[in-house]
Amino acid sequence: MKASKLPKLTIQEYLLQEKESGIRYEYHDGYIYSLAGGTINHGLLCGNIYSELRNKLRASNDSCKALTSEIRLNIPSLNAFVYPDTMVVCGEVEKSETDENSVVNPILIVEVLSKSTADYDRGDKFYKYRQIPSLQEYVLIEQSKSSVEVFYKKPQTDLWSIKRYEGRSSIIELQSVGLQIEMGDLYYDIEPDEFNT
């Protein structure tokens with residue numbers, strides 16, 4: 001993630017910049033950062049996890065809904081706007097006070113890792129996500145091998161547990177939404193020779 005050469009912007013200037021340019025940026029307390037283009041595997045994994053979540057949530061008649069990476073997430077306490085690869089919101093979608101097209105209340109966030117963003121997604125970005133009161137689960141999906149990490153916030157605590165799932169036969173447990181996803185379905189259509197397992 002690289003900072004733009006533009007001067008510090010207000011939220012309104014940032015939103016106008018996105019609208020006029022048609023380019024998505026992350027916004028962090030006045031500074032904008034352009035989003036890198038993704039690989040084919042990144043796009044396939046984003047589509048697969050969104051589809052799996054959407055279909056399973058619909059089948060369970062749940063009040064939860066999956067959102068694509070086109071939806072902006074506002075973290076008001078940090079004056080930040082980001083674009084997670086996938087989010088799940090349960091109940092009513094709460095909109096940002098500063099932007100009606102941004103949500104503020106995901107229960108689950110998913111990021112597909114890449115070489116350029118893995119450290120950020122595991123470190124600073126996870127710190128930012130932990131400032132969201134509604135967030136209960138954070139999922140990191142590897143592109144280069146069939147491996148998924150799930151961070152789950154224990155109820156009424158600030159303690160996060162981590163579970164790693166490896167290999168195509170694993171079944172991923174998502175406690176926040178009460179769902180299971182088969183690793184083989186998540187990595188559907190990904191070239192087998194791309195993986196170590």
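Please read these numbers as outputs of a predicted model, since none were measured by experiment.
Between Met87 and Leu73, the closest heavy-atom pair is SD-CB, 3.9 Å. In terms of heavy atoms, Ala80 sits closest to His28 at CB-ND1, 3.8 Å. For the pair Leu9 and Glu13, the tightest heavy-atom approach, listed with the atom from each and the gap, is CA-OE1, 3.4 Å. For the pair Ser146 and Arg168, the tightest heavy-atom approach, listed with the atom from each and the gap, is OG-N, 3.9 Å. Val88 and Leu53 get closest at one heavy-atom pair: CG2-CD1, 4.0 Å. Across all non-hydrogen atoms, the minimal contact from Asn79 to Ile11 is OD1-CD1, 3.0 Å.
A donor-acceptor distance shorter than 3.5 angstrom exists from the side chain of Lys65 to the backbone of Gly91, with no hydrogens or angles considered. Between the Glu18 side chain and the Tyr25 main chain, a donor and an acceptor come within less than 3.5 Å of each other.
Under the 4.5 Å side-chain criterion, counting only non-hydrogen atoms from C-beta, Ser69 is in contact with Arg24. Here the side chains of Arg130 and Leu135 are not in contact, with every heavy-atom distance at 4.5 Å or above. Using a 4.5 Å cut-off on side-chain heavy atoms (C-beta onward), Asp85 and Ile141 make no contact. In this structure, the side chains of Val104 and Pro76 come closer than 4.5 Å at one or more pairs of heavy atoms. Contact of the Ile132 side chain with the Pro106 side chain is registered, since non-hydrogen atoms from C-beta on lie closer than 4.5 Å.
Using bins of under 30°, 30° to 60° and over 60° for the plane-to-plane angle, the ring pair Tyr14/Phe81 lands in the tilted bin.
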Inset, instruction - Before giving the answer on side-chain contact (heavy atoms from CB on, under 4.5 Å), spell out for Tyr120 and Lys128 the whole-Å C-alpha distance, their side-chain angles and the decisive distance to 0.1 Å. - result: CA-CA 10 Å; Tyr120 172 56; Lys128 290 170 182 161; 3.8 Å; yes
Inset, instruction - For side chain to side chain donor-acceptor pair (under 3.5 Å), just list the numbers for Tyr129 and Glu111, CA-CA rounded to whole Å, side-chain angles, deciding distance to a tenth of an Å, and then say yes or no. - result: CA-CA 11 Å; Tyr129 287 157; Glu111 294 287 1; 2.6 Å; yes
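The number of heavy atoms from other shown groups lying within 6.0 Å of CG (Asp29) is above 12. Within 6.0 Å of atom OH in Tyr83, more than 12 heavy atoms from other residues, nucleotides or ligands are found, so the atom counts as buried in its surroundings. Atom CG of Asn55 is surrounded by more than 12 heavy atoms from other residues, nucleotides or ligands within 6.0 Å. The number of heavy atoms from other shown groups lying within 6.0 Å of CD1 (Ile40) does not exceed 12.
Taken from CG in Asp119 to CG in Leu113, the straight-line distance is 9.5 Å, to the nearest 0.5 Å. Interatomic distance, Leu15 CG to Asp99 CG, rounded to the nearest 0.5 Å: 4.5 Å. Considering CZ of Phe126 and CD1 of Ile109, their distance stands at 9.5 Å, rounded to 0.5 Å. With rounding to the nearest 0.5 Å, the separation of OG1 in Thr86 from CZ in Arg54 is 12.5 Å. Taking CD of Glu149 as the start and CZ of Arg164 as the end, the distance is 4.0 Å to the nearest 0.5 Å. Note that CD of Glu92 and OG of Ser63 are 11.0 Å apart. Values are rounded to the nearest 0.5 Å.
Ring centroids of Tyr138 and Trp160 are separated by 6.0 Å or more, keeping the two rings apart.
A single hydrophobic cluster is not seen to contain both Leu57 and Val89; linkage of ILVMFWY side chains at heavy-atom distances under 4.5 Å, directly or through other members, places them apart. Ile75 and Leu108 are not part of a single hydrophobic cluster, where members link through side-chain heavy atoms under 4.5 Å apart. Cluster membership for Leu140 and Leu67, using ILVMFWY side-chain heavy atoms within less than 4.5 angstrom, is shared. There is no path of hydrophobic side-chain contacts, each under 4.5 Å, that joins Val82 to Tyr33. Under the 4.5 Å side-chain heavy-atom criterion for Ile, Leu, Val, Met, Phe, Trp and Tyr, Leu186 and Ile190 are members of the same hydrophobic cluster.
Taking a cutoff of 4.0 Å between a charged side-chain nitrogen and a carboxylate oxygen, Glu26 and Lys125 qualify as a salt bridge.
No side-chain donor-acceptor contact under 3.5 Å links Tyr152 and Glu173. Side chains of Glu137 and Ser176: a donor-acceptor N/O pair is present below 3.5 angstrom, by distance only. No side-chain donor-acceptor contact under 3.5 Å links Asn74 and Ser102.
Partners of Cys90 according to the disulfide bond (SG atoms under 2.5 Å apart) rule, which considers only residues two or more places apart in sequence or in another chain, are Cys64.
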